[in-house]
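The block underneath contains the structure these notes are about, expressed in C-alpha cells.
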Amino acid sequence: MNRLADESSPYLRQHADNPVDWYPWGDEAFGSARERDVPVLLSVGYSACHWCHVMAHESFEDPATAEVLNRLFVNVKVDREERPDVDAVYMDAVQAMNGHGGWPMTVFLAPDGRPFFGGTYFPRTARGGMPSFLDVCQAVEDAWRSRRDDLLEQADSLVEELAQTARLAPAADGEVSHHQLLADALDGLRRQFDPEWGGFGRAPKFPQAMSLDLILRLRARGIATEADLAMVTTTLDAMASGGLYDHLGGGFARYSTDAFWMVPHFEKMLYDQALLARAYLHAWQVTGEPRFRQVLEETVEYVLRDLRAPGGALWSAEDADAEGEEGRFSVWRPEEIDAAVTDPEAAAAAIEWYGVTPAGNFEGSNILHRPIRGDLLRPPAVEQARRALFEARTRRVRPGLDDKVLTEWNALFVATLAEAAAATGTLAWQRAAVEIADFLLRELRRPDGRWLRAWHARSGARHLAVAADVAAVVDAFTRLAETTGEARWIDEARASADGLLAGFWDDERGGVFTTGHDAEPLVARQKDLVDNATPSANSAAALGLARLAALTGDDRYAQSARALVTLVAAPAAAHPTAFAHLLAAVDLLAGPTVEIVVAGDRPDLLEVAMATWRPHAVLAWGEPYESPLWEGRPPGAAYVCRAFTCGLPATTPEALEAQLATSGP
C-alpha cells in the first residue's frame, strides 16, 4: 500500500494499492520533490470518472509504468471534488496549454507547484494521434534535465495567466442595465438551442439545467415567449425520454455522448440531481404537466433512497462502471426482461415501451429509453414491468459509490428539496431537507463558524470550505426558512453570509475568491466565475445574498449581490450558458422583488402563497425574525409588498390571490 491508504476520499483509496508511490496533496510531496530535484506528476480525477478508471488500469496498476513514475517524479493524487481549488488552478493551466481539458487530468509541476506541461488522459500505448503515457513522461524528464529554464519560463507565463480571474474588474461606469442584460442572454440561448433534440450546443451534450431554469424565470418576467418556453419543454422531454434518464430507478447520468440524449456516461452525480430536479419542478409549476412532476418525484426518490448516508446527509455519486464495465448495471437484453417480468404481457409491453430490440443500442444491449418523446406517464402494464425490472436490478452488482459528503452538493439538494416540499406539500421531503441541513451544521461547521468542505465516516470533516460551499449553504438556509417557517434558518443564513463576506470577499475589485483568506496559498488565487456543472461561487453568492437581502432588509447583502453582478456583466451577456445562474441573480435584482408575509396561523393563506412558482418573490411566515417584513404585522393576515412597500392586509385566500396576480414584474 502507498500513502493513500489512510485517506478519506474514495477516489484516493481506489489508488491505495497501486504500485505508484502516490502522495496526497501537501507539503510532504512538494518537499520530497525539492529534495530529489524532480518534477511533481499531479493526477486529478474523481471516483465516478470512467476514463480515470481506464488510465488507472492501463498505467497506474502496471508495475513497469509505476517503476518509471516513481523514479522520475514525485506522484500526487488529488480528488477534484475534495479540492476544487487545486483542480481549478491546474485545469485552467491545462486548458491554456491545450485548448481543452477534462479528467483524468495529468499535469507536470515544478517542485514549487508551478505547472509547465499537462494534458488529460494518456493511453498506455500510442494510438489515435495520442502519445503513450510513458513517452510523455520520458519527454518531460528529458526536458526537465536539458531545458529547465525554458520550462520554468513557460511555467511563469502560465501562472500569470491563471490569476486573470482575480484581476477582472467591473466596467468603468459601474452601471448595468439588468433588463438589457437579460434580453441579450435570452438571444444568446436562442442561437445555441438545438431545435431538434433540445439542449444547447452539440455532442457531447450536458443538461445545462441552469440555462433551462433561466428561461423559465424570464418567462415569468414576460421577456421569454411561448416559443422560448418550448426550448425548455423540448429539452426536458428529450432528456427524460432518452438514456440520460434512469427509467427504472430515477435520476440522471452526468451527460450524453451523443446529441440526442441516448448514450450517457453512466455516472450519476448528486449535483445533477439537485439542479435537474429543480428545473423539472419549475417546469411542472409553469406548465402544469404531470410528466414533469413524475420526473421530479422519481429523481428525488432516487437520491433519498440510494445516496442517503446514515445521519441524513447525502453521498456524492455513483460510478459509471460496475464489474469493470461501463453501464453494465443499467443495460438490458430482451431475454433478461422476459426473465425478470413474470407476466408475459407486461414484459412485452415494457420491451415495446422502452424501445428494446435484439440488436440493442449499446454494445449489444439496450439502454432503456422512451422512443415517443415526452410520453412518460406509464400505463399499468409498463409500470408493473418497471417495478419488476427495478427489483431484478437490485440483485446486480451496483456501481461503485462515492460515499463522501460534500457541503456544496448537499446544500444544492437541500435548496431544491425545500422548494419542492413547499410546492408539493410533501412533508417527508421537508423533513429530509431539514435533516440534511442539520447534518451539515453538526458535522461540517467548526465551532468558530468556519465551514469545511468534505466529510467521511472514516475521518470526519476535512479541508476548508471554498466559497461555493458557503454560498450554497446561504441559499439552502434561506429556502429552508421559507419552507419551514423556522426563524433559525434565517439566523444560520445570516451567519454563513457574514462568513462568506468576511472570509472570501475581494475588497479591491469585488467578488469572492475561490479560497478563503485563511486557506493554503496556491500558485494562483482565483475567482470561480463561470457556471459549469454547478453554479459558480460568485453566481451562487449573488443569488443567495440577493434573496437573503429581500428577506431580512439588510442592504449589505444586496450591495454585495449587485457588486457581483457588475463584476461579470459583460461576459455574462456574451456567454449566457456560462453565466446562467448569475443571470438568475440579475433577474431578481432587476426587481421589483415581491415580499410575501403570512402572519399568524393561516394555513389557507400560506397554501396560496406557496401554490405558484414566483421566482421574483420571497416568503416570510411562521416565527418572526429581525426584518422590516415583520414590523407591525398583526397576525391573521397576509401582506404583499414590492420593495418593502406593502398593500392592504389580505385576510381571505381570494384577496391574497388577487394581490399576487398583480404583484409580479
Side-chain angles (χ1 to χ4, degrees), residues 50 196-199 203-205 207 234-268 276 280 290-292 294-295 297-299 301-302 305-306 318-399:
H50 171 70
E196 182 177 6
W197 289 103
K205 194 172 276 186
T234 296
T235 304
L236 294 180
D237 280 339
M239 290 193 301
S241 300
L244 188 79
Y245 185 63
D246 181 351
H247 291 264
L248 300 185
F252 288 86
R254 182 166 165 256
Y255 69 94
S256 175
T257 62
D258 52 54
F260 44 93
W261 311 106
M262 180 61 73
V263 178
H265 264 309
F266 291 86
E267 63 263 39
K268 293 167 82 171
L276 283 165
Y280 280 91
R291 66 185 184 275
F292 295 142
Q294 174 179 293
V295 175
E297 290 175 343
E298 291 176 354
T299 301
E301 181 182 3
Y302 158 68
R305 180 189 65 232
D306 293 343
E318 287 194 290
D319 208 327
D321 298 6
E323 300 182 82
E325 294 182 21
E326 185 182 15
R328 182 180 179 91
F329 179 74
S330 301
V331 298
W332 295 84
R333 298 279 305 153
E335 59 269 22
E336 292 175 317
I337 294 176
D338 287 332
V341 183
T342 55
D343 183 339
E345 291 186 4
I351 286 172
E352 179 182 2
W353 182 266
Y354 292 123
V356 175
T357 66
N361 56 18
F362 179 74
E363 300 178 356
S365 291
N366 290 269
I367 300 170
L368 302 185
H369 66 288
R370 184 71 186 111
I372 302 175
R373 184 193 299 174
D375 184 21
L376 301 174
L377 302 177
R378 296 178 288 267
V382 174
E383 176 59 18
Q384 175 188 341
R386 185 198 69 81
R387 292 179 181 275
L389 292 171
F390 176 80
E391 175 60 30
R393 197 175 69 172
T394 63
R395 295 188 287 275
R396 293 180 173 180
V397 176
R398 286 197 75 89

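Because the structure is predicted, anything quoted here is derived from the model rather than measured.
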Checklist line | Side chain proximity check, Ile337 to Val356, heavy atoms < 4.5 angstrom | finding: yes
Rounding to 0.5 Å, atoms CD (Glu391) and CG (Leu248) come to a distance of 12.0 Å
Here the pair of heavy atoms bringing Ala259 nearest to Trp197 is O-CB, 3.4 Å
Closest heavy-atom pair, Met239 versus Tyr245, reported as atoms and distance to 0.1 Å, is O-CB, 3.6 Å
In short, Asn361 meets Ile367 closest at the heavy-atom pair OD1-N, 2.7 Å
Practice item. Check the pair Phe292 / Leu236 against side chain to side chain contact (heavy atoms under 4.5 Å, CB included), numbers first and verdict last. Key: CA-CA 8 Å; Phe292 295 142; Leu236 294 180; 3.8 Å; yes
Rounded to the nearest 0.5 Å, the CD atom of Glu267 sits from the CZ atom of Arg254 at a distance of 5.5 Å
*Side-chain heavy atoms of Arg393 within contact of Asp246, under 4.5 Å*: yes
Side-chain ion pair, Asp306 and Lys268, N-O less than 4.0 Å: no
- Query: Do other residues, nucleotides or ligands put more than 12 heavy atoms under 6.0 Å from Glu345 CD?
  - Reply: no
Tell me, do Val295 and Leu376 make a side-chain contact under 4.5 Å, heavy atoms counted?
-> yes
* Do Pro334 and Asn366 have side-chain heavy atoms sitting under 4.5 Å apart? -> yes
For residues Glu298 and His247, is any side-chain donor paired with an opposing acceptor at under 3.5 Å? no
Here the pair of heavy atoms bringing Gly374 nearest to Ser241 is N-OG, 2.8 Å
Using modelled atom types and a 3.5 Å cut-off, is there a donor and acceptor pairing between side-chain atoms of Arg333 and backbone atoms of Gly364? yes
Check: Is the shortest side-chain N to carboxylate O distance from Glu383 to Arg387 below 4.0 Å?
Finding: yes
Smallest heavy-atom separation, Ala349 atom then Ala381 atom, equals CB-CB, 4.1 Å
Check your understanding: Taking it one step at a time, do Trp332 and Leu389 satisfy side chain to side chain contact (heavy atoms under 4.5 Å, CB included)?
Key -> CA-CA 10 Å; Trp332 295 84; Leu389 292 171; 3.7 Å; yes
Interatomic distance, OG1@Thr257 vs CZ@Phe266, rounded to 0.5 Å, equals 8.5 Å
* Asked: Any chance the rings of Phe252 and Tyr280 have centres within less than 6.0 Å?
  -> yes
Problem set entry | Side chain to side chain, His369 and Phe260, heavy atoms closer than 4.5 Å | no
Note, Arg378 side chain near Gln294 side chain (heavy atom, < 4.5 Å) | yes
Note: Lys205 and Trp261 closest approach over all heavy atoms is CD-CZ2, 3.0 Å
dist Leu368:CG -> Ile351:CD1 (nearest 0.5 Å) comes out at 10.5 Å
Interatomic distance, CD@Gln384 vs OG1@Thr342, rounded to 0.5 Å, equals 7.0 Å
Between Arg396 and the options Glu325, Glu323, Glu336, the salt bridge (Lys or Arg N to Asp or Glu O under 4.0 Å) test singles out Glu336
Rounding to 0.5 Å, atoms CD (Glu196) and OG1 (Thr234) come to a distance of 11.0 Å
